[in-house]
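Note on naming: letters A, B, ... go to the chains in the order of the sequence lines (proteins, then strands), and numbering restarts at 1 for each one.
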Amino acid sequence: MSDAVLPEPRRRTALARLARRPLAVLGLVIIAVTVAAALAAPWIAPFGRDEQLFEGLTLEGAPMPPGGAFLLGTDLLGRDLLTRILYGARTSLVIGVVANGMALLIGTLVGVTAGYFRGWAGSVLMRFTDLMMAFPALLLAICLAAIFTPSLWIVALVIALVNWVQVARVLYTETTSLAERDFIAAERAIGAGNGRILWLHILPHLVPTIIVWGTLGISTTVLLEATLSFLGIGVQPPEPSWGNIIFENQTYFQAAPWLVFFPGMAILLLALAFNLVGDALRDVLDPTQRGRG
Amino acid sequence: MAGYLLRRLVQSVLILLGVTLVTFFLLYVLPADPVRQIAGRSATAETVESIRRQLGLDQPFWVQYGRYLWNLLHLDLGRSYLQRSNVSELIWARLPPTLLLMAGAIVCELILGLTMGIVAALRRGTATDNGLMIASFVGVSAPQFVVGLLMLYLFGVRLHWLPISGYGTFAHLVLPSLTLGILGAGWYSRMMRSSMVEVMRQDFIRTARAKGLARRRVILRHALPNAILPIIAMIGIDIGIFMGGIVVVESVFGWPGIGQLAWQAIQRVDIPIIMGVTLVSAVAIVLGNLLADLVTPLIDPRIRLR
Amino acid sequence: MKRLLASTALMVALAAPALAQDQDTYTPDPNATPGGSITITYKDDVATLDPAIGYDWQNWSMIKSLFDGLMDYVPGTTDLRPGLAESYEISEDGLTYTFHLRPGVKFHNGREMTAEDVVYSLSRVTNPATQSPGAGFFGMIEGFDAMMDGSATTLSGVTAVDPQTVQIKLSRPDATFLHVMALNFASVVPREAVEAAGEDFGRQPVGTGAFRLAEWTLGQRLVFEKNPDYWREGVPYLDQITFEVGQEPVVALLRLQNGEIDVPGDGIPPAKFQEVMNDPAQAEHVVQGGQLQTGYITMNVTQPPFDNVDVRRAVNMAINKDRIVQIINGRAIPANQPLPPSMPGYTEGQEGYAYDPEGAKALLAQAGFADGIDTELYVMNTDPNPRIAQAIQQDLAAVGINASIQSLAQANVIEAGGAGTAPMIWSGGMAWIADFPDPANFYYPILGCAGAVEGGWNWSKYCNEELDAMATQADSISDPARSEERLKLWSDVYAKVMEDAVWAPVFNEERYTMKSARMGGDDSLYVDPVSIPVNYDYVYVTE
């Protein structure tokens, strides 16, 4: 985030302060473990990613509950759920972090620019936002699915293209309000450039909203990916993602609750972890909060 | 104000035109032939061609689009390819339930979300705050199909408090609204909390507190109106967010809304219905955003419309 | 499950040339009590009730109860019986059918049905302006081509001899003709009601059927009420049927368990199947039966590698059908030929291709694909089809065929199949469910040259002129005395299809209908082969 512009010494203290917050550390650990698990899946997973095990199903074709050889149980094809979740982390991290991050970035740029400068440029940007919001994203997804070979990157692209609009809309409103405040006018009066005002006075006030959208967006995009994959645009079976494990199995949640519960927990934990880190980062970087943390 | 409104309305019409153009184009290039769907599996090549001609689907894109716009000017949304019914009739029948459901969901998420957000902000850093944070994230992360079924099972089957499904009375509205609202409540609660925290920190609140005004009064009269601003923008975009959830919630609770119609039409490439639903939801979204922009200056007088 | 004598259907139907009497062998249920009403739920909205348009399994049985055709089926069976025609005669050459209409049959609007209505109805369904998906079925009637190219507006082969007699001339003998007359598409509709309603006839249906439409609240419910003037004595038993639409199958089952509804129209959802079947109290209300359906994998024979018959045979040998049946909780029986077992012409004792991965590997090596094959498997995206595709994928991988899965919406799969761009397609969810119980119905559109064109439903693009000739020859045998011979020919056609390994048949789905405890009537009515989920005209309630 904004660390890049901070002078070296201050950044170090910021990190150091972050390290003193147990919740933030917990968040960082969860994120690190998820990333590590995703990368190391081929070595740590107990079974093959798509291996349909004979002993993974009962004779009547029911999945195995958690326990024994299958720590988190098996799915409806007799595959080990833990293995699927480990591999699924790869897809879901790309969607929840990269695609969602892209959406956040685009949304912030558009929303802040339109809200601060307003005028015809702002007007055009916001009407474009309205257009994108009114546009049926699912339809776009189906068309792309039919034209391109489905892949993770296409679904990530669609999510980034579709999800920035809400962020832009909310940040636009907040920016218009901020831009009219007295302290901004004062800055202008003393000859501060737009860049400086935006970076030092507008953006810091928007950080809380950005954190909210960024972290909650992890959950929604990971679930959205499953819907888009269902329509044929994203990862195709048998490639797992947390979203599609839930999506495929949700009607079975009474017969086999573990199939929904575990991937759901994974999504929840990842989103919460980012939220913990984000909240702590904000407090640490916020000048008015210094000394309280 | 009037000038602004006029300008925005003109822009809105342009946006809607843009939406119809792009949607129509996507459906035009979509490699799934609606004629094949109509003609059925035993159709001869002649039948297929004849249907294509009758529907005008053999015409070039601009002719087809032009004809669609011309009919639209006459308030004619065409006929469904597969149901053969008037699209406007199909949509009109399903629009009121959907609007009702959205209204119910907005009420639920406002009540739940704002309360949770305010409480969390005021108890910042406590266990309550953390608990509410986790609750918000659960609300956003839980698949709506599962939430809906759990609620239906608990309140409908086990406790017999509310009907399992259907449409008509207030009791029928509660569970679907709540299911849809839980997702939004998570967002609202987080937004409200961060907004409140931000406002409570500002100088005028500190001044008010310093002047010895009662905490309650400071919160209600000074903090809330300032914190609510981002929430207004969110209500404007809720409609767009709901469109996804509504498909699931409507089918779980047998709610006769527009989501099912749209979902089935997308799966079967029923172009007139897809166009109609897109148009209606686009109108709702554009109007929602316009309304949000109009309301903002009323809440925060510093913002002027221009 | 009901086993069918292969020839029953035709023996009953074709007592030519002698006057065919009313062979309605159905004995009404002595315990049946009239009155009462039931509720049925569906997930999808009812598309249309126009008999010339409606062509999905959901509205098929509803239309059957609102309308009648000249022919009909004995409830719960695939045996033909006369419908609006009281009797009929067939000429020696098998080209002229004379139907004698039942006197005094009234449409729901009160007008008496006459021979002119039959002429109008058959002309309407074959008129291109009607855009009927069923028009193609009537190709054997004289004047069909003139209708198709638009040079006629009345089907010339159908004439009203007098108000009670209709004569239909065929351009070629066709053993399936009487089945075609029992299709919904051949239902008799009143001209004045069709013309008054225009394109909305599908929403304001007027027929001669056992029920009439009383209410249709878009997106919510349809109500059928008993037709008091129905021409069949004593039926229907029910006073009213309510169809609630837009209901998730899992919730529909909950409501059934809660006593709110009588039949979940979409059946027992896979997620609940074991829960229901493992509970004797619930399993008691489940009726199991066969279905005129086969789940199969098509292979595009016009493109490598599937232009090589050995590769196609290897695919057939590679698939572990027992396991696939296991993962769908045993709701099917493994298949070894295109026809389902309850279809006349099914070859008893055919071996097909046994599960033999080693043999498949050897065959592939022999065909020059020892290094493996990369291909694609298309599948419709609704559960359980992607799961079945993944099981197939694993089986194929074991013999060296790497099939990547394309799981898409139905329309996209059908498009890819029609265009011939899909090397392999798992048919589930879009599979052929027979329109009428005759082997011919499984051949022409999905295995014959007619369907192998751009956009056609023959996704294998298999076109074997020799087989087409055999099929035509078989269908020209309309003499019932030779029906055994005809079915033997059909049996040979399908044996050849399997020899060429055009498909890999995987299983025949079983049908499970669940009903409330208060519903009565013979089990066969709940797995009626032509009425899904139930035969509305003959079921009753016991309280």
Can you measure from CG (C/Asp200) to CD (B/Gln83) and round to the nearest 0.5 angstrom?
11.5 Å

Please flag which part of B/Leu90 lies under 4.5 Å from any non-hydrogen atom of chain C: side chain, backbone, both or neither.
both

Is chain C contacted by the side chain of B/Leu149, its backbone, both, or neither, given a heavy-atom distance below 4.5 Å?
side chain

Rounded distance (nearest 0.5 Å) linking atom CD of C/Glu244 with atom OH of B/Tyr167:
14.5 Å

Ionic contact status for C/Asp45 with B/Arg94, cut-off 4.0 Å
yes

Closest-packed option against chain B by number of heavy-atom pairs under 4.5 Å, given C/Gly246, C/Gly455, C/Ala450:
C/Gly455

Is any residue of residues 54-62 of chain B within less than 4.5 Å of chain C by heavy atoms, and which ones?
B/Gln54, B/Leu55

Side chains of C/Asp44 and B/Arg268: closer than 4.5 Å at any heavy-atom pair?
yes

For C/Trp57, is the CH2 atom crowded, meaning more than 12 foreign heavy atoms sit under 6.0 Å from it?
yes

With chain C as the partner, which of B/Leu82, B/Val157, B/Ile38, B/Val48 has the greatest number of non-hydrogen pairs under 4.5 Å?
B/Ile38

For C/Thr130, which atoms come within 4.5 Å of any heavy atom of chain B: side chain, backbone, both, or neither?
backbone

C/Ile53 vs B/Arg84, test: side-chain contact (heavy atoms from CB on, under 4.5 Å). Steps then yes/no.
CA-CA 9 Å; C/Ile53 309 289; B/Arg84 311 287 162 103; 2.9 Å; yes

Any idea which of B/Gln260, B/Arg79, B/Glu89 has the most non-hydrogen atom pairs under 4.5 angstrom with chain C?
B/Arg79

Which portion of C/Val413 sits near chain B, non-hydrogen atoms under 4.5 angstrom
neither

Let me know if C/Asn381 has heavy atoms under 4.5 Å from chain B in its side chain, its backbone, both or neither.
side chain

With a 4.5 Å cut-off on heavy-atom pairs, point out which of C/Arg203, C/Met148, C/Gln410 contacts chain B the most.
C/Arg203

Side chain, backbone, both or neither of C/Ala416 within contact of chain B (heavy atoms, under 4.5 Å)
neither

Can you say whether C/Glu260 sits under 4.5 Å from chain B via the side chain, the backbone, both, or neither, judging by heavy atoms?
side chain

Beyond-backbone contact of C/Gln247 with B/Ile164, side-chain heavy atoms, under 4.5 angstrom:
no

Do you know which of C/Gly136, C/Ala409, C/Pro128 has the most heavy-atom pairs with chain B at a distance under 4.5 angstrom?
C/Pro128

B/Phe145 versus chain C, heavy atoms under 4.5 Å apart: side chain, backbone, both or neither?
side chain

Among B/Gly257, B/Gly254, B/Pro97, single out the residue with the greatest number of heavy-atom pairs under 4.5 Å to chain C.
B/Gly254

To the nearest 0.5 Å, what is the distance between CG (C/Asn412) and CG (B/Leu30)?
6.0 Å

If you define the side chain from C-beta out and look only at heavy atoms, does anything of B/Val35 sit under 4.5 Å from C/Gln131?
no

Scored by heavy-atom pairs under 4.5 Å with chain B, the best of C/Leu254, C/Asp149, C/Thr48, C/Thr41 is C/Leu254

